[in-house]
Amino acid sequence: MTIPLPPSGAGTDPLLTTADDAPGVSLWRAAWRRLRRNPTAIVGAVIVAAFILVALLAPLLTPYEPGSARWSGQVTPTSVPGPSPEHLLGLDRFGSDLFTQLVYGARQSLVYGVVATAIGLTAGTALGTLAGGAASVGGRIGGWVDNAVMRLVDIMLSVPSLLLAVSIAAVLGQNPYAVMIAIGVAQVPIFARLLRGSMLSQGRSDYVLAAEALGLRKRRIVMGHVLPNSLGPTVVQATLNLAVAIIEVAALSFLGLGQPDPAVAEWGRMLVAAQDRFEAAPQLALLPGGAIAITALGFTLFGEALREALDPRSRR
Amino acid sequence: MTGAHDQPLLSVRDLSVRFGLKGQRQVAAVDEVSLDIWPGQHVALVGESGSGKSVTSLAVMGLLPDRGVEVGGEVLYRGEDLLTKSPKEMAGLRGSEIAMVFQDPMTSLNPVITVGVQLTEVLLRHLQVSKAEARERAVELLGRVGIPDPARRLREYPHQLSGGMRQRVLIAIALACEPKLLIADEPTTALDVTIQAQVLEVLKDLVADTDAALLMITHDLGVVAGLCDDVNVMYSGRIVESTNRNRLFANPRHPYTGGLLASIPRLDSPRGAPLTPIPGSPTQTLPWTSACAFAPRCGNRVEACTERAPALEATGDRDLRCFNPLADADLTGAAR
């Protein structure tokens, strides 16, 4: 080749690499780099990490079993024992250790939240890809499929998500899987719509036109080019939806549609139990309520920071 | 049907592209465009933004949207009309027989997929090769467009490459399957001036190596001078002058061509001398159906220009669409 080239020390040449990103950096790793510099992201990440650790290490954090009303003799109709050396946060109204209940409650919230969001993400991504892909391929059939899927999603969206979850939980009966499925299904339209929208906007970009100019097959363009570029917002939404799922798990339990087994600690049901003792022992409501709020806040902060880190417009 | 050398590789006949839905007012972006490209020949399509250059190239490639666009005329590739081909047949031709390099290398590569995947996928699509063979060929191609350490670059993402590098990659992708015709739509416009020359050199070498014909779409007459045999000048969707490069530069006859050439800053003009622009803007046009679209900006305007539509006529050594063309070697008469 006879073209004069700038001297190229591999990777260090400013003409060959853009300033922000060192060699070997993928899009996601560059986002990770931006994430680390964002204080909001760090606060969110710390809360999320603490929540996950507590959930995983529950048996190591407390010597007691959840739901064991061993000390029910100490609870009277008018008073609940407060903090003591044996019981860090005191007892609940059934005579179980409150700290133990809170720690094991994190476990429930994490499992329910993650499984529910995974259900929503999987089904929503599948529907969104189907609709977005069909719309990108176009033609009469493509338009018809897109329309059918999106009208279904519209119907699902028109029902408030908690109401939908309540109905599904009511139909499936009181069991743990019902809660996960109910909350997951309620999330499907959110993911489906988001993904379809982002696929449609990606479908109009230059690299898609360039791929068409290379004669690549429609399916290859949709699955290999459009879809990978459209997943960013969906991942962010999944993080944000974890917060919503954790709140909804608590809400369903609060309404009596959640985990039926009293031996399993659950934040939402702890709130129900705290209701009639609120004046005598406000900590019974405030602590699980605070736990729900802080966990949801952590996922929301982290999700928002992730959105910012992945957004090309916010890149420095 | 005649043999391969008796007919042009690509022959565009009376192409028209109208935008707008049926029943509504339509806008003709391209009209009465005819041009021939012979095997191995380099042809330029020159004009300002909005003159219909890019739309012409997209029409040839069959890449205009299905809805709201009406394409007329014929696009004959080796004697077969591409406009009547099915989308599937066109997809088979694109990339293997006819390829295209786009204007903006920043957005024409997929940001989340490595350069290597984007280069090999076109090879796998059109050639009967294994993944390993495609990879080997991809390394070779990147080397040929002047990218150092091609094996490593294949594993990188587009944002890790500079603009010039990316355009080299796009050229490598376009020429990967050795197409017979390459359409380059302003391939250097988005690049730094210093990089432009390098990239043009790469393009020129590779096109020469592969014996491809080139349709160069540009507004840069400098690019035309260094690269093309024939030049078609477009204004407001129609070709106004069409001739051989040397004749065009030595002796532009259409006032618009004259204006374009006069507007290029010259090294031998005195320091501080003002540039000579074409007055007005490309939006100040008259409809071609009843007048000459360039008339409002034209220094050579006569009465007929605003009363009748000029036709593209063969006048001696060129095709010309003008009632009052510039005299021989009259560069200064334009746009004054």
Side-chain angles (χ1 to χ4, degrees), chain A residues 1-31 137-140 142-143 202-221 223-232 310 312 315, chain B residues 58 61-63 66-67 87-88 90-104 106-114 117-118 121-122 125-126 143-149 152-153 155-162 164-165 168 170 173-174 176-177 183 195 198-199 201-202 205:
Chain A
M1 214 76 222
T2 53
I3 305 97
L5 277 173
S8 56
T12 52
D13 192 327
L15 282 174
L16 301 182
T17 41
T18 45
D20 190 33
D21 308 300
V25 178
S26 78
L27 204 68
W28 287 95
R29 221 178 299 167
V137 170
R140 190 175 296 171
Q202 289 293 331
R204 278 189 279 274
S205 51
D206 284 356
Y207 66 82
V208 171
L209 186 67
E212 280 175 3
L214 291 172
L216 298 184
R217 294 198 168 83
K218 281 278 188 190
R219 202 175 52 174
R220 165 87 198 161
I221 294 175
M223 300 307 284
H225 289 262
V226 177
L227 185 61
N229 270 291
S230 313
L231 284 175
L310 284 173
R315 274 180 205 170
Chain B
L58 290 177
M61 294 290 287
L63 287 176
D66 313 332
R67 273 194 262 180
K88 214 171 193 164
M90 278 310 288
L93 281 178
R94 285 198 293 261
S96 63
E97 292 280 323
I98 311 175
M100 190 160 174
V101 175
F102 287 91
Q103 177 172 353
D104 192 350
M106 298 300 167
T107 55
S108 297
L109 284 168
N110 188 336
V112 302
I113 298 175
T114 60
V117 171
Q118 299 187 58
E121 71 182 355
V122 62
R125 164 71 171 95
H126 294 295
R144 271 170 76 187
V145 293
I147 289 180
D149 199 359
R152 186 172 70 94
R153 290 289 171 190
R155 290 190 298 274
E156 295 192 339
Y157 292 86
H159 72 273
Q160 293 169 257
L161 304 179
S162 67
M165 287 288 145
R168 286 166 196 260
L170 284 167
I173 292 175
C177 299
I183 302 177
I195 309 292
Q198 295 176 9
V199 168
E201 202 60 36
V202 168
D205 285 355

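This structure is a prediction, so every number in the text was calculated from the model and none was measured. Per chain, numbering begins at 1; letters A, B, ... match sequence-line order.
Going from atom CG of A:Leu216 over to atom CD of B:Glu121 covers 4.5 Å, rounded to the nearest 0.5 Å. Here A:Asp206 contributes atom CG and B:Met106 contributes atom CE; the two are 12.5 Å apart, rounded to the nearest 0.5 Å. The distance from the CZ atom of B:Arg125 to the CZ atom of A:Arg217 is 4.0 Å, given to the nearest 0.5 Å.
A:Leu209 places a side-chain heavy atom less than 4.5 Å from the side chain of B:Leu58. Counting heavy atoms from C-beta outward, B:Pro111 and A:Asn229 have side chains that approach closer than 4.5 Å.
For B:Ile113, the part lying under 4.5 angstrom from a heavy atom of chain A is the side chain only. The part of A:Arg220 that comes within reach of chain B is its side chain, from C-beta onward, which places non-hydrogen atoms under 4.5 angstrom from that chain. Residue contact with chain A, scored on non-hydrogen atoms closer than 4.5 Å, is absent for B:Ile183.
For B:Asn110 against A:Gly224, the heavy-atom pair with the smallest separation is ND2-O, 4.2 Å. Shortest non-hydrogen contact noted between A:Leu214 and B:His126 is O-NE2, 2.7 Å. Contact detail for A:Ala210 and B:Ser108: the closest heavy-atom pair is CB-O, 3.5 Å.
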